[in-house]
Amino acid sequence: AAESALIAVAANFAETAQSLAPAFNAETGHELTLTIGSTGKLYAQITKGAPFDALLAADQERPRRLLEEGHAVPGTRRTYATGQLVLWSPDPDRIGQNGEETLANGDFEHLAMANPDLAPYGLAAAQALDHMGLRDRLSDRIVMGQNIGQTFSMVATGNAALGLVAGSYAASPRNTAPGSVWPVPTAYHDPIRQDAVLLAVGADNAAARAFLDYLHSDAAREVITRFGYGVEDPQ
Amino acid sequence: MTLPDLAPLLLSLRLAGWATVILLILGTPLAWWLAHTRSRAKPVIEAITALPLVLPPTVLGFYLLVALSPSSPLGGMWRDATGNALTFSFAGLVVASVLYSLPFTVQPLQSAFETVGRAPLEAAAMLRASPLDRFLSVASPLALRGYLTAIVLSFAHTIGEFGVVLMVGGNIPGRTQVISIAIYEHVETLNYAQAHTLSAILLVFSFVVLVGVYATNRRFPIHAGGW
Amino acid sequence: MTLPDLAPLLLSLRLAGWATVILLILGTPLAWWLAHTRSRAKPVIEAITALPLVLPPTVLGFYLLVALSPSSPLGGMWRDATGNALTFSFAGLVVASVLYSLPFTVQPLQSAFETVGRAPLEAAAMLRASPLDRFLSVASPLALRGYLTAIVLSFAHTIGEFGVVLMVGGNIPGRTQVISIAIYEHVETLNYAQAHTLSAILLVFSFVVLVGVYATNRRFPIHAGGW
Amino acid sequence: MLSLDIRLDYPDFTLDFSHDLPARGLTAVFGPSGCGKSTLLRVIAGLERGARGTVRFDGTQWQGTSRTTPPHKRGIGYVFQDARLFGHLSVAGNLRFAARRARRAGAQPDEAQAIAALDLHDLLDRRPDTLSGGQRQRVAIARALLTAPRLLLMDEPLAALDAGRKAAIMPYIERLRDHATIPIVYVSHDLSEVARLADHMVMMRAGRVLRAGPVAELLSDPGMADAIGVREMGALMPARVTRHHDDGLTELGVSGGQLFLPRVQAAPGTALRLRIAAHEVILSRTRPAGLSALNILPGTITEVRRGDGPGVIVKLRVGDDDLLARITRRSADEMGLHPGVACHAIVKSVSIAQTDVGTNGTQ
Amino acid sequence: MLSLDIRLDYPDFTLDFSHDLPARGLTAVFGPSGCGKSTLLRVIAGLERGARGTVRFDGTQWQGTSRTTPPHKRGIGYVFQDARLFGHLSVAGNLRFAARRARRAGAQPDEAQAIAALDLHDLLDRRPDTLSGGQRQRVAIARALLTAPRLLLMDEPLAALDAGRKAAIMPYIERLRDHATIPIVYVSHDLSEVARLADHMVMMRAGRVLRAGPVAELLSDPGMADAIGVREMGALMPARVTRHHDDGLTELGVSGGQLFLPRVQAAPGTALRLRIAAHEVILSRTRPAGLSALNILPGTITEVRRGDGPGVIVKLRVGDDDLLARITRRSADEMGLHPGVACHAIVKSVSIAQTDVGTNGTQ
Ligand SMILES: Nc1ncnc2c1ncn2[C@@H]1O[C@H](COP(=O)(O)OP(=O)(O)OP(=O)(O)O)[C@@H](O)[C@H]1O
Ligand SMILES: Nc1ncnc2c1ncn2[C@@H]1O[C@H](COP(=O)(O)OP(=O)(O)OP(=O)(O)O)[C@@H](O)[C@H]1O
Ligand SMILES: [Mg+2]
Ligand SMILES: [Mg+2]
């Protein structure tokens, strides 16, 4: 029978999840309600009894801790997407073939990135800058958003010339200024793995379980990749 | 451009309405007491009233989440009484908003009551008005401008604030997703067009209401003290 | 438990201090005008003053980011004048805070000025006091309680609110990372112990300041109007 | 009876008041500015928290060692020295405020009558801040009366009014005092008001009672000249309306003869009290003739009181009553005025002090 | 000269005032409550924005068709009907507020003198809300004087004060008027104050000038009896101090003879103006003897004015001056008083109205 589930979704995956939900509903009849927030906030809420059935986190750390603390159902944690970090500018001529050079020659006032302490994309961006040996040189030009959405806004509004943002945002159909993009080589940073987990509240919720499985279906993987994420091979 | 879902707006209005009503009910006696007491504890209470303001909303929200969760004494009592958790519910939002907006109600009211002073109240007592009667029929109308300030600040602030509400309520569409959270979410998910539309609706709506309130107020000029 | 970095606290105090001072400078004439004007535009201006409140802080921050960016007229002028961008700078934070906290200054002041009324000002005019002199030496002290409310609400709100500040300031440690952002970060990263410590420091500090302010104020009771 | 035994300390002032005020008629509280008149009324009303001691009215203990009756339950009407109208209500609203609450307390205040008596009809829709000083005071008086009080406290209620208005309002206060028999405590620094309205009088100095007693006694006591002011000394003489003459004069009988006054609005037989100021009485050893003054009363000198100045106060017995005359020492010496000497009092000007409460029933 | 030609419309009231007030001495504005006295002062001060017309003072146009002098530049001292002390300042602070700004404007206000004259020494540290009504009024007067004004507007400044206080303050106002030669516009509803202090008088009714002119003229005009009230009618008579007698009496010369008064504090030769109330004068066809009244002046009747009531006002020429007597019609008929008849005026009580400004220099 069709059930309904409340799924907590990390903000960076919100747009993708919003496209997945109707397709999932069409296929299974289950109703999904999405609640969107930062992973840290969602974690805190779950530990304080939030009525979420499943969590689509922006990292692996928070789902792992939820499992450890007994707020999630063992054996349900899986990576549903891998993030792609890109260097983006709304100016089509700003970034050339090699974004590393664009960063290195430094003719920009501000580089936006997410806060490495808060957002996995921020952590990746910091690792990539370290890898390129640019972190110290650029440190007084870096401005930080608390999440990738804010970081993107800083660039989109023209206040920062460049931003290290999620590929999914740069590629989003909602982005009216595709501009120029340089995908940061995945070797420059640890993989940005986003895990999903079934929460204790939703242990018996068929819809939530079904959605977690659905994330690994071909149809879903096609949508997820289209939004600029990587997916792991199905085991 | 699709027509945005207006449920969050209605929810916000309900929330702000409830919060403002409760704030007036709780804030009035507190402000009254502060305005008239000679207790040495007065500055301490005044400071405590203003204190929630200095904490970042999400952080306050976090502490409220702890304080109101069913495992806390308060949250537990609420669950025992109503069968529902206080967190992630509309009731929880109201409690959180009341706490956070308290200074916006208490301070203007206290200041208004202090300016009204004792003279008109003494006159009313000599016209057989009981203390409650004096408060309702003399002090309150004379403090009308203070009430207006309190209501506008509390209501608008509850509409606009989302940090506390997001933390305590959890952004559940149809239940706790108020308009501020909805707009916030649109901005965060690059849905700028929707954000603009919702913001414009909220601004125009608020503007019309506020102009109405102020224009009405203007026709009833209030004079302080006794003539 | 390590001693937390207090730079964000100092930055917050500087920001709130600047914002409050500028708010008083800008808010006083505006409140004065609103209290005394007979213009038909009054309710409209009053409504506009309160309007920033209804937008969620981050959203307002987003719009400010647009409005203050170097490519905007305002941001461009600033850049031409100072050589620096207004966004992601301390100056930008101040501008944003001023805009957002404006109603907390204007409304209590307006309400206080209205209650002072014309009588004491007329008396002062008859003692050779110029309009500015009347304002400074009669209206302001008589509106002291309104100033107190305005200062406490504006200052505390600027300390606590960080949505606008975060967006416009870019969270640059030492430059635009204020204490509210720092506490927020600790909560988001599950660094609860640090968050508690910083919150406690902020609360105790604010409490002491507020009690001091209120206790001082109490020793100078202000009476409305003329005796 | 309103029994007071109270003490209130301010930094520079102490009110120390022990006196019983009569429960009928109007008691005037008289004294220089700052002597504590307003403070006394506030204590009676229960508005001064710092006051210690007892206040009893009509058998009820309003304030004492045990419980205190809160101000709004004392049934007091209070005309404050400043009008204290409610700025958020129109004049009509201010009056209705009082009347409505009086009705709830079981009284039947007559709004129409109060509005007429204080001539407020044209002001009913006005806001207090658009009224003149005197207009405010009139509204305040009407409002206090509409509470249908058991005791009326009036703090200089007529100070802001011109003579014409005063003359129009005073009869109304007299009616309250006599017909509604509401005891009134009345603060004034105008002795002609006091003489006209008051039965009893309390003279205050620096927070204490200097002297208290019936008005007639105090005003005709030569020893009070310093406290009251010599120009204000005078006797109060009971009289009865005899007849109204066609030329507009009213003939009154006093114990020592008859007096003619411009038309008095009172039926023959009505008991009145006349105020005859000492400085307006001329004495003559022989009965003078051919004077424009119609009122000449024969009497015998009972006391000649010399002060420090050039004036003396002569007290004489006229019929069964006393009369005071203030004349120069030179005249007294020249005319040989001593106790026991018979002489005539020429009274130019007479004013009606008040209707005599005690004999009202005989009308 | 203070030239006024102004109009101000309120919903139920119109002030329409065209009159030139003299630039010297004290002008009393007199009229019933609500007739527009306070509004007039407010217009002169520039506090009523709705007022149209012209206000000129001493050659300066304060208000007119072109520019308007703002209130604080007019150099006006204003004693408001309500005291309007600043609640956030002590009494001393209130006084200092005025004195400091006067000094900045180049004047030398004498704080010590003002404090002494109004007896404020003990009140200096007090807050206005702890003062009695009369105390507030005294502070307000002192504060207005300390602005060292070019023009003083006083709105019932003595209404809240007792007779003793009034007597103490009036000489101070007289000194301002005469020695500091500050023109004063003085609102009062107390004619004895007006008679004592004023040179010029404006009678108002319903926002308009009813009658204006020198006080002596208005108060002795029998036609003003209705407007002023018959008890207030009286003549003002110039006099000069002749001699001080040992028995405490002062002898004064008037054009028609001499008068004896209780000691007057003025050197022989000083010019004075006496107020002789009409109702205190007795007339006699023959010169009476053996009366306690010392002051008997012979004169000739010039006018007998009958009103509607039982009284008539008799005007008689005494020397070069006029005297009024108010007697009953019956007496007038019995005595056959007509213009041209010689008779004696018996004056019991005389009060000093004011020092005669015009002849002050001849002291
Ligand atoms: N709250 C207060 N604190 C200190 N002193 C006060 C206070 N209220 C009154 N006083 C003082 O008490 C004395 C009596 O004041 P009160 O008002 O009773 O005088 P009053 O007789 O009514 O004078 P007036 O005729 O001027 O109205 C005054 O000296 C006054 O200054
Ligand atoms: N702001 C106003 N709006 C409407 N009417 C007003 C206003 N101010 C004064 N009035 C009216 O104008 C008239 C004159 O008032 P004003 O205060 O000048 O009287 P006044 O002669 O000073 O009386 P009083 O002796 O009672 O003080 C009154 O009828 C009053 O009600
Ligand atoms: Mg008093
Ligand atoms: Mg007036």
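Fair warning: this is a prediction, and the values are worked out from it, not measured in the lab. The sequence lines fix the lettering, A, B, ..., with proteins before strands; numbering per chain opens at 1.
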Results of side chain to side chain contact (heavy atoms under 4.5 Å, CB included) for C:Trp18 - residues two or more places apart only: C:Ile22, C:Phe90, C:Val94
Let me have the donor-acceptor pairs involving side chains of residues 198-213 of chain C, under 3.5 Å, with sequence neighbours excluded, atom names and distances please.
| residue | atom | partner | partner atom | Å |
| --- | --- | --- | --- | --- |
| C:Ser199 | OG | B:Tyr63 | OH | 3.3 |
| C:Ser199 | OG | C:Ala195 | O | 2.9 |
| C:Ser206 | OG | C:Leu202 | O | 2.6 |

Of C:Val54, C:Val44, C:Thr149, C:Leu60, the largest count of non-hydrogen pairs under 4.5 angstrom with chain B goes to C:Val54
Give, as side chain, backbone, both or neither, the part of B:Phe62 having an atom under 4.5 angstrom from any heavy atom of chain C. side chain
At what distance, to the nearest 0.5 angstrom, does CD of B:Glu114 lie from OG1 of C:Thr115? 11.5 Å
Please name the pair of heavy atoms, one in C:Pro43 and one in B:Ala215, separated by the smallest distance, quoted to 0.1 Å. CB-N, 3.8 Å
Residues of residues 151-159 of chain B near chain C, each having a heavy atom less than 4.5 Å away: B:Val152, B:Leu153, B:Ala156, B:His157, B:Ile159
Applying side chain to side chain contact (heavy atoms under 4.5 Å, CB included), can you list everything that pairs with B:Ala112, at least two apart in sequence or on another chain? B:Ala143
Max heavy-atom pair count under 4.5 Å with chain C, selected residue of B:Ile183, B:Ile45, B:Ile179, B:Ile181: B:Ile183
Between C:Ala16, C:Ala50, C:Pro57, which has the largest tally of heavy atom pairs under 4.5 Å with chain B? C:Pro57
Separation between CG (B:Leu148) and CD (C:Gln110), nearest 0.5 Å, reads 8.5 Å
